[in-house]
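Only one structure is covered here, and it is reproduced in the block below.
The structure presented is a predicted model; accordingly, all values stated were derived computationally and were not measured.
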4 protein chains.
Amino acid sequence: VRLTRVTRRPDRHDFQEWIVDMRLGGDFAAAYTVGDNRLVVPTDTMKNRVYVLARDAEFASPEEFALRYTADFLADYPQVESASVIIEEQSWQRIEVGGKPHPHAFVADGAAQRAARVTTTRESVRVQAGIRDLPILKTAHSAFRDFHRDPYTTLPDTDDRILATLLTAEWTYVAGEHDWNARFGDVRTLLLESFANHRSLGVQHTLYAMAAAVLEAHAALADIELAMPNRHRVLFDMKPFGRTNPNRVFVTTDEPSGVISARLVRGGD
Amino acid sequence: VRLTRVTRRPDRHDFQEWIVDMRLGGDFAAAYTVGDNRLVVPTDTMKNRVYVLARDAEFASPEEFALRYTADFLADYPQVESASVIIEEQSWQRIEVGGKPHPHAFVADGAAQRAARVTTTRESVRVQAGIRDLPILKTAHSAFRDFHRDPYTTLPDTDDRILATLLTAEWTYVAGEHDWNARFGDVRTLLLESFANHRSLGVQHTLYAMAAAVLEAHAALADIELAMPNRHRVLFDMKPFGRTNPNRVFVTTDEPSGVISARLVRGGD
Amino acid sequence: VRLTRVTRRPDRHDFQEWIVDMRLGGDFAAAYTVGDNRLVVPTDTMKNRVYVLARDAEFASPEEFALRYTADFLADYPQVESASVIIEEQSWQRIEVGGKPHPHAFVADGAAQRAARVTTTRESVRVQAGIRDLPILKTAHSAFRDFHRDPYTTLPDTDDRILATLLTAEWTYVAGEHDWNARFGDVRTLLLESFANHRSLGVQHTLYAMAAAVLEAHAALADIELAMPNRHRVLFDMKPFGRTNPNRVFVTTDEPSGVISARLVRGGD
Amino acid sequence: VRLTRVTRRPDRHDFQEWIVDMRLGGDFAAAYTVGDNRLVVPTDTMKNRVYVLARDAEFASPEEFALRYTADFLADYPQVESASVIIEEQSWQRIEVGGKPHPHAFVADGAAQRAARVTTTRESVRVQAGIRDLPILKTAHSAFRDFHRDPYTTLPDTDDRILATLLTAEWTYVAGEHDWNARFGDVRTLLLESFANHRSLGVQHTLYAMAAAVLEAHAALADIELAMPNRHRVLFDMKPFGRTNPNRVFVTTDEPSGVISARLVRGGD
């Protein structure tokens, strides 16, 4: 479900664009085995509820919306045991006109890639937030050496490579209310800063440092999972042209090869 | 890793194109915590092994290749506890010239979408096969009615709709050797036939019937999991134009809404 | 505009799925300069006409539909000077059940990729048809040698490479009525056959041979344009592993590099 | 050709990522008709030249690079009559650490979408620059009314809709040297500002105003062409739920329908 919402304030419009994905758990066996649909909540109904709730209430964050949506859902449908909502927020920034943000014109900015996930059951509520596929890279302080060598190894050791990846992160909040927007911004900033400042001995090494930095700084997080595929920049071979290539010109490659991922749980390391 | 292989026979060439995805399990904590890469097998080495094995040996199926690759991998790297290989096969058919298949010219045919997955550990081997995102539809014998109704429901009951989906299936073979190619073809055929012949009361109902038909007919399968998102065709409203629309003209919509999925385990139903 | 149509016959259903793209020419300057929309036919209206015409009339081919749509359009809107309709047909085949085509169940087959284009003005009608992005390849009878060499050249001569491409073709029919479906099938078959049988000295060479074969065989065609990007399969270097690679194992690459295209006009070569 | 370049300065690294597309004109008929490749410059050679030039010389802008590349190309290959280079720049921004831009860590920012095109022949040089597919929208001051009405019209007049589009622009510089980076930034800013400030009576109306504003403000431009597909946000119908929808909640739709485009030439309006 793709939702656009405009909040019309006296001095400006706020603009939200979300992709909302919902999943249900419960005993719907009869629909499968004999085609008895009496307990089935059609996707179309779930969709309608998204738009109606977006109309009726104010939400400053996707987490708030998902908390309310899943709670209402379980209240209304006794046959549903768990409801999960994932919201991806499309990032729109105000266009600057004469250096000032415009009240009702926006330009897309791909740099946020925010996602939220709320899973509500009859017994528990879990709130997660994250970042999806944010391209980041560093051109220094990145080595990869002294790895396992065998007859199939052709990769040379390097002390100075481009480390490029698409950062995907998802963390779980400890129970309770949080300032979801502020928290997201803080975690995102710390992930980028720790990536930038790390002296990397490998993607695994940097990924762990980023996750550990976040868990250490933010007691509000119970765990964090990161995935960072290698997006290789391959040094172009200048030898056929009688030239050196002092780490200057690279071939950009697209296919992610080597997805490195790990999940750190507070107290678990 | 994307691999193309040509097998040159006296009378014809055989052509295989695979996307090979590998995942490892084991204790690589030192690479994460302190950047000690001594146990790390670089992605590049894993890639080299794919091409070398493809050169050295003959394989009539992706399953055979994956079995050999994972077995070799565990034999060579004691630090690896499990190795998983997923192969997606790109489907190429011989071009027909004068009604006869050409010995070395091919045209892509999107209709197979075959995938194989082998997971090998120190104790066990699991072979799975499947189909990914195969578009199928039926224009009759598909109803969806008598579902849960509430104030958010706008979807009308229907006895005659287009049921369109992207079929994704994955099944697990019972231990032992099988004729992987023949088996894949048989299961695929039965999935399509049972889809075509079913009198559907809902996607769940048809999905279950397809899975049950496969498990019943093929003792070689331990389980099967199907996922079938609804790809709606929406009846175009002809009222503004003073016309009826007797289930004839539809708006094609793209976004999958309502992914229905289930896993059937032998003996479990 | 994406259109699905079901034609319900006594013994079977026929199924068509089209993507319809329309373009208009005319003097709409007032809409641009002063926002006077009185002559503007909204996209929404153009879309409605597609669905209504699909309901009202029978069409055995996308060409017939486009001829009628554009003729009606010019008749109804004097402010329109030219109307062009491009239809891409999604290819669906009947599922075979027990070896026989099923009356109302279908599976997508990516191998057709048919397109039609009709451009109608106050003075003329032009009908074009074509194929879009059909993957084809041949593993023999393909050389590329004796090209221009200079200090930037590293590509070696080869007498035996994989020639792989995405075939895009568009041809123009001479004025008059044709059996659009039969013609399309014949031209498509001849393109594939001439590709398969050609002893290629380069993509340009094969492309020309294919285009020339079609123009020679089909007097109904006034011209034909082909585009064939190189989809390289790069021989994997086995030297680091102490092995040869007798044209057997290749790296599949995705990015089209080197789009070769040409247009042949009857009498113009 | 995809190129990554790092320029290593004492205090920081600069990072450029380009997709470079090249097209040649000339008489290469012999390669087509008889497979005589002696005049053919292989794509591989063209690619090598990109990397070697990127290594050898400094370029502050894609325009400078393309000017030099095409000039060299015509100088080295007498058989080439025209060379065109299109460069798309991937936008990377420095990560901020403690509020300061980091010297060698970057995050992708989708907001620029810059492209440059240089076409050099034996007689002339043409430099063009542009923006590709930049998502912009405004939530006020956008009407669409008083358009042509007929029996196929269902779209209502509106005085207040969301105007959303993907901005694609390309302009041609008058002959001579320009500060390519500054100029690009200025034109981009003016396009966004005039979009934001315009009281729109239709996409055509806004597009024209944007193009006219740029041509009026920038004598360095000979022409400008804009394309702006409608990316509709459709008001969600709240009637079935007993609610109004005061322009608040919309369905986001993806398919561009109605690509509006126009080219303005200086002195031509």
Side-chain angles (χ1 to χ4, degrees), chain B residues 1-8 13 15 17-19 48 51-52 54-56 90-93 95-98 102-111 134-141 162 164 189 192-193 195-197 233 236 238 240-241 243-254, chain C residues 1-8 13 15 17-19 48 51-52 54-56 90-93 95-98 102-111 134-141 162 164 189 192-193 195-197 233 236 238 240-241 243-254:
Chain B
V1 174
R2 301 180 57 185
L3 163 72
T4 292
R5 188 168 75 162
V6 180
T7 306
R8 294 163 191 276
H13 290 176
F15 186 84
E17 188 171 303
W18 292 349
I19 299 176
N48 289 339
Y51 291 109
V52 171
R55 180 215 171 278
D56 284 357
Q90 308 300 294
S91 177
W92 290 90
Q93 305 298 321
I95 290 175
E96 301 230 327
V97 177
H102 193 274
H104 61 251
F106 302 84
V107 58
D109 165 3
L134 179 66
I136 52 177
L137 66 83
K138 57 193 296 178
T139 58
H141 298 169
I162 294 180
T189 297
L192 293 190
E193 289 188 350
F195 172 80
N197 284 334
R233 265 66 175 176
F236 187 79
M238 292 284 176
F241 315 105
R243 286 162 170 89
T244 60
N245 186 353
N247 254 357
R248 174 165 166 80
V249 176
F250 301 82
V251 181
T252 317
T253 65
D254 211 15
Chain C
V1 175
R2 299 179 57 186
L3 164 71
T4 292
R5 188 168 73 162
V6 180
T7 307
R8 294 163 192 274
H13 290 176
F15 186 86
E17 189 172 303
W18 293 349
I19 299 176
N48 289 340
Y51 290 108
V52 171
R55 180 213 171 280
D56 284 358
Q90 308 300 294
S91 176
W92 291 89
Q93 305 298 322
I95 291 176
E96 302 231 325
V97 177
H102 193 275
H104 60 252
F106 301 84
V107 58
D109 165 4
L134 179 65
I136 53 176
L137 66 83
K138 54 194 299 179
T139 59
H141 297 169
I162 294 179
T189 297
L192 293 190
E193 288 187 351
F195 172 79
N197 284 335
R233 267 63 176 177
F236 187 79
M238 291 285 177
F241 314 105
R243 285 161 169 88
T244 60
N245 186 352
N247 254 358
R248 174 167 166 79
V249 177
F250 301 81
V251 182
T252 317
T253 65
D254 212 16

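Ranked by non-hydrogen atom pairs under 4.5 Å with chain B, the options C:Phe15, C:Phe106, C:Trp18 are led by C:Phe106. In terms of heavy-atom pairs under 4.5 angstrom with chain B, the leader among C:Val251, C:Ile162, C:Leu137 is C:Leu137. Ranked by heavy-atom pairs under 4.5 Å with chain C, the first of B:Thr7, B:Thr189, B:Asn48 is B:Asn48. The candidate from C:Pro103, C:Ala105, C:Ala140, C:Ala164 with the greatest count of non-hydrogen atom pairs under 4.5 Å with chain B is C:Ala140. Your options are C:Val97, C:Ile136, C:Thr139, and the one with the most heavy-atom pairs under 4.5 Å with chain B is C:Thr139. Interface check for chain C: of the options B:Arg248, B:Arg8, B:Gln90, the most heavy-atom pairs under 4.5 Å are formed by B:Arg248.
Of the possible donor and acceptor atoms, none in the side chain of C:Arg55 sits under 3.5 Å from a partner among the backbone N and O of B:Met238.
With a threshold of 4.5 angstrom between heavy atoms, C:Phe236 approaches chain B through side-chain atoms but not through N, CA, C or O. With a 4.5 angstrom heavy-atom cutoff, C:Thr244 touches chain B via backbone and side-chain atoms both. Only the side chain of C:Arg233 comes within contact range of chain B, judged by heavy atoms closer than 4.5 Å. Heavy atoms of C:Leu3 lying under 4.5 Å from chain B belong to its backbone as well as its side chain. Interface residue C:Tyr51: backbone and side-chain heavy atoms are both found under 4.5 Å from chain B. The contact between C:Glu96 and chain B is made entirely by backbone atoms, counting heavy-atom distances below 4.5 Å.
Using a 4.5 Å cut-off on side-chain heavy atoms (C-beta onward), C:Asp56 and B:Arg243 make contact.
A search for side-chain hydrogen bond (donor to acceptor under 3.5 Å, both in side chains) contacts involving B:Asn245 returns nothing, not counting sequence neighbours. C:Phe195 meets the ring-ring contact (aromatic ring centres under 6.0 Å, His included) test with no other residue; sequence neighbours excluded.
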query: Stepwise, does the side chain to side chain contact (heavy atoms under 4.5 Å, CB included) test hold for C:Val107 with B:Leu134?
result: CA-CA 8 Å; C:Val107 58; B:Leu134 179 66; 3.8 Å; yes
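Scanning all heavy atoms of the two residues, the minimum distance from B:Gly98 to C:Glu193 falls at N-OE2, 3.0 Å. When all heavy atoms of B:Asn197 and C:His102 are compared, the closest pair comes out as OD1-NE2, 3.5 Å.
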